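Everything numeric in this text was worked out from a predicted model, so none of it was measured.
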Amino acid sequence: MRVNIRQKNIEVTPALREYIDEKIIRAAEKFLQGQASTDLPMLDIDVERTTAHHRKGEVYKVGVNLSVGGKFFRAEARDVDARTACDIVENELQREMYGR
């Protein structure tokens with residue numbers, strides 16, 4: 001699987017990268033184990049701080065696009081913390097992939 005992590009107005013620290021690996025990338029890899037595809041799966045992750053001057057509120061946004069074998073899954077979340085947004089995206093992505 002090819003993974004692209006894009007950042008905007010935020011630095012993806014090693015700790016945040018590890019958290020993204022743990023929550024989002026592993027969830028996608030687990031789903032892909034049960035899928036037969038000739039295409040190379042592609043996972044795009046966007047981590048963004050939507051505003052530079054606001055200090056409170058839902059200023060972090062995490063978006064995920066997963067394309068595999070002609071299927072496309074999308075999840076997006078905004079929250080006051082980037083890690084919490086990753087948790088929400090993980091749950092939303094799993095609902096998309098498994099139809100829950």
Side-chain angles (χ1 to χ4, degrees):
M1 172 172 62
R2 193 170 77 193
V3 178
N4 294 323
I5 298 178
R6 288 187 290 268
Q7 57 195 18
K8 183 176 178 186
N9 298 328
I10 185 175
E11 180 184 345
V12 176
T13 62
L16 182 56
R17 168 63 193 216
E18 186 177 320
Y19 198 81
I20 291 170
D21 281 342
E22 180 182 318
K23 291 292 185 175
I24 299 171
I25 296 173
R26 288 187 188 159
E29 288 174 342
K30 184 178 177 184
F31 173 74
L32 293 173
Q33 287 177 349
Q35 301 292 314
S37 176
T38 59
D39 295 341
L40 178 66
M42 190 164 161
L43 180 65
D44 289 319
I45 303 169
D46 297 320
V47 181
E48 176 181 354
R49 183 177 169 102
T50 58
T51 179
H53 60 279
H54 289 105
R55 301 283 182 230
K56 297 180 182 177
E58 297 178 343
V59 296
Y60 294 99
K61 177 178 142 185
V62 177
V64 175
N65 295 323
L66 174 63
S67 59
V68 55
K71 296 178 186 175
F72 183 78
F73 304 99
R74 170 94 179 130
E76 185 177 296
R78 292 175 185 256
D79 202 85
V80 296
D81 181 53
R83 287 174 176 78
T84 307
C86 288
D87 292 339
I88 295 168
V89 163
E90 176 195 19
N91 292 335
E92 188 176 324
L93 188 61
Q94 286 182 349
R95 278 194 303 271
E96 285 264 334
M97 293 185 299
Y98 297 109
R100 295 179 185 162

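For the atom pair L16 CG and D81 CG, the distance stands at 9.0 Å (nearest 0.5 Å). Atom NZ of residue K23 and atom CD of residue E18 lie 12.0 Å apart, to the nearest 0.5 angstrom. Note that the CD atom of E96 and the CZ atom of F72 stand 9.0 Å from one another [nearest 0.5 Å]. Here CE of M1 is found 11.5 Å from CZ of F31. Values are rounded to the nearest 0.5 Å. To the nearest 0.5 angstrom, R78 atom CZ is 12.0 Å from I88 atom CD1. For the atom pair CD of E76 and CD of E92, the computed distance is 8.0 Å after rounding to the nearest 0.5 Å.
With sequence neighbours excluded, no residue forms a side chain to side chain donor-acceptor pair (under 3.5 Å) with N91.
Linking ILVMFWY side-chain heavy atoms closer than 4.5 Å, directly or via other members, places Y19 and V62 in two distinct hydrophobic clusters.
R17 and D21 are joined by a salt bridge, as a carboxylate oxygen and a charged side-chain nitrogen come within less than 4.0 angstrom of each other.
Across M97 and A27, no two heavy atoms sit closer than the pair CE-O, 3.9 Å. For the residue pair A77 and A85, the shortest heavy atom distance occurs at CB-O, 3.7 Å.
No side-chain heavy atom of V89 sits less than 4.5 Å from a side-chain heavy atom of I45. The shortest distance between side-chain heavy atoms of E48 and I10 does not fall below 4.5 Å. In this structure, F73 and V64 have side chains that are not in contact, with every pair of non-hydrogen atoms separated by 4.5 Å or more.
The closest donor-acceptor contact from the side chain of N9 to the backbone of R49 lies under 3.5 Å.
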Quick one, R83 with D87, criterion side-chain contact (heavy atoms from CB on, under 4.5 Å). Give me CA distance, side-chain angles, the key distance, then yes/no. CA-CA 6 Å; R83 287 174 176 78; D87 292 339; 5.5 Å; no
